[in-house]
Amino acid sequence: MDSEKTIGTDSYYVEPMRIDDVPAVSRLERRCFTNPWPESAYRRELRNPANNFYVVLRWRSDRPQAETSPPEPRGRLALLPLIRRPEPPVTDSIVGFAGMWILYDEAHVTTIAVAPEHRGRGLGELLLVTLFDEAIRRRAEWVTLEVRVSNAPAQALYEKYGFTRQGLRKRYYSDNGEDAYIMWSPSLRDPAYQQRYGQLRERLFERLAAKGITAEKHGLPHPGH
Ligand SMILES: CC(C)(COP(=O)(O)OP(=O)(O)OC[C@H]1O[C@@H](n2cnc3c(N)ncnc32)[C@H](O)[C@@H]1OP(=O)(O)O)[C@@H](O)C(=O)NCCC(=O)NCCS
């Protein structure tokens, strides 16, 4: 029996990123990347939706959460009105984000990340599929991106979706001078790849559902429109 299912579900929603989301996205980005963008860069991106597409992944859970409140004050301390208990930690419901630029027939993935404590559940894949669906909807033919040569998890995710290494940008990352692989997807117009992509997408949603994870898209265009 799947014991996880008996103690609640995790719901995730992929929604368009809004200006109000930028502070939370930046906080999460600082946990996921060593060279985060300034908040102003996100605001600039969001002002140009014709060539951009940015989404956030929100999390809601009805599973019991770990107790984080400090113990009640005891004895005489409890009588002191000026000693306040600290506020409970604010939980950010944004646990992932992704974005891309779309220029002519190319979609260039600029960022994709999932909060460390939510990784390994198919959510990075959900974000990538969201980008792919939009790239297809906007009639892009190729998806491309740069990835650190040391970033094996991200490369494995891209390779799962058929990306291949097509070049190297020397010392691309300014924080440590690391090189980037340039990766390209297969043609989104190739019928064989369309079939493969459809299967991967279907399997992803089955896998999420089997784990009791509800993943929905809110306020995003339908892929086929
Ligand atoms: C890359 C990242 C978004 C993956 O997110 P995730 O939610 O953990 O990934 P998923 O659970 O959706 O995994 C999907 C696939 O990615 C690959 N993958 C993910 N984590 C992996 C790991 N630790 N090792 C190897 N492969 C991994 C696998 O192919 C996996 O498919 P599988 O489950 O069938 O094996 C996440 O690790 C992250 O946020 N990293 C920090 C930010 C970053 O490096 N972004 C990429 C910039 S180019």
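Predicted model only: the values in this text are computed from it and were never measured.
Legend: residues meeting side-chain hydrogen bond (donor to acceptor under 3.5 Å, both in side chains) with Ser174, ordered by chain and number and at least two apart, are absent. When the side-chain contact (heavy atoms from CB on, under 4.5 Å) test is applied to Asp179, the partners found at least two apart in sequence or on another chain are Val149, Leu168, Lys170, Arg171. The side-chain hydrogen bond (donor to acceptor under 3.5 Å, both in side chains) test applied to Arg43 returns Glu39, not counting sequence neighbours. The side-chain contact (heavy atoms from CB on, under 4.5 Å) check on Arg203 picks up Gln199, Leu200, Glu206, with sequence neighbours excluded. Among residues two or more places apart in sequence or in another chain, the side-chain hydrogen bond (donor to acceptor under 3.5 Å, both in side chains) test is passed with Tyr54 by Glu45, Thr110. Residues passing the side-chain contact (heavy atoms from CB on, under 4.5 Å) test with Pro186, sequence neighbours excluded: Tyr193. Qualifying side-chain contact (heavy atoms from CB on, under 4.5 Å) partners for Asp105, counting only residues two or more places apart in sequence or in other chains: Glu141, Trp142, Arg189. Phe163 meets the ring pair (Phe, Tyr, Trp, His ring centres under 6.0 Å) test with Phe132, Tyr158; sequence neighbours excluded. Partners of Gln195 according to the side-chain hydrogen bond (donor to acceptor under 3.5 Å, both in side chains) rule, which considers only residues two or more places apart in sequence or in another chain, do not exist here.
Residue pairs meeting the ring pair (Phe, Tyr, Trp, His ring centres under 6.0 Å) criterion with at least one partner in residues 109-129, sequence neighbours excluded, are Tyr12-His118, Trp59-His118. The salt bridge (Lys or Arg N to Asp or Glu O under 4.0 Å) analysis of residues 106-123, with sequence neighbours excluded, yields the pairs Asp10-Arg121, Arg31-Glu117.
Side-chain polar atoms of Asn176 and Arg148 form a donor-acceptor pair below 3.5 angstrom.
Tyr181 carries Arg165 over the face of its six-membered ring, with the cationic atom under 6.0 Å from the centre and within 45° of the normal.
Looking at every heavy atom in both residues, Ala107 comes nearest to Met100 through CB-SD, 3.9 Å. Across all non-hydrogen atoms, the minimal contact from Ala140 to Leu188 is O-CD1, 3.5 Å. Across Ala180 and Glu146, no two heavy atoms sit closer than the pair CB-CB, 3.9 Å.
Remark: the backbone N or O of Ser11 is not paired with any side-chain donor or acceptor of Thr214 at under 3.5 angstrom. With hydrogens and angles disregarded, a donor-acceptor distance shorter than 3.5 Å links the side chain of Thr144 to the backbone of Met183. Glu216 places no side-chain N or O within 3.5 Å of a backbone atom of Val14 that could act as its donor or acceptor partner.
Connection of Leu131 to Leu103 is not established within any shared hydrophobic cluster, with ILVMFWY side chains joined at heavy-atom distances below 4.5 Å, either directly or through further cluster members. Taking hydrophobic clusters as Ile, Leu, Val, Met, Phe, Trp and Tyr residues chained together by side-chain heavy-atom distances below 4.5 Å, Trp37 shares a cluster with Leu46. The cluster map of Ile, Leu, Val, Met, Phe, Trp and Tyr, joined by side-chain heavy atoms under 4.5 Å apart, puts Ile94 and Met17 in the same cluster. Note on Ile136: it clusters hydrophobically with Ile112, by side-chain heavy-atom contacts below 4.5 Å among ILVMFWY residues. Residues Leu157 and Val147 fall within the same hydrophobic cluster, defined by Ile, Leu, Val, Met, Phe, Trp and Tyr side chains chained together at heavy-atom separations under 4.5 Å.
Using a 4.0 Å cut-off between a side-chain N of Lys or Arg and a carboxylate O of Asp or Glu, Asp190 and Arg196 do not qualify as a salt bridge. Salt-bridge annotation for Glu125 and Arg207: present, with a side-chain N of the basic residue lying under 4.0 Å from a carboxylate O of the acidic one.
Residue Tyr173 is found in a hydrophobic cluster whose other members, listed by chain and number, are Tyr172; membership requires side-chain heavy atoms under 4.5 Å apart, directly or through intermediates.
Taking the side chain as every heavy atom from C-beta outward, Tyr42 and Val25 approach each other to under 4.5 Å.
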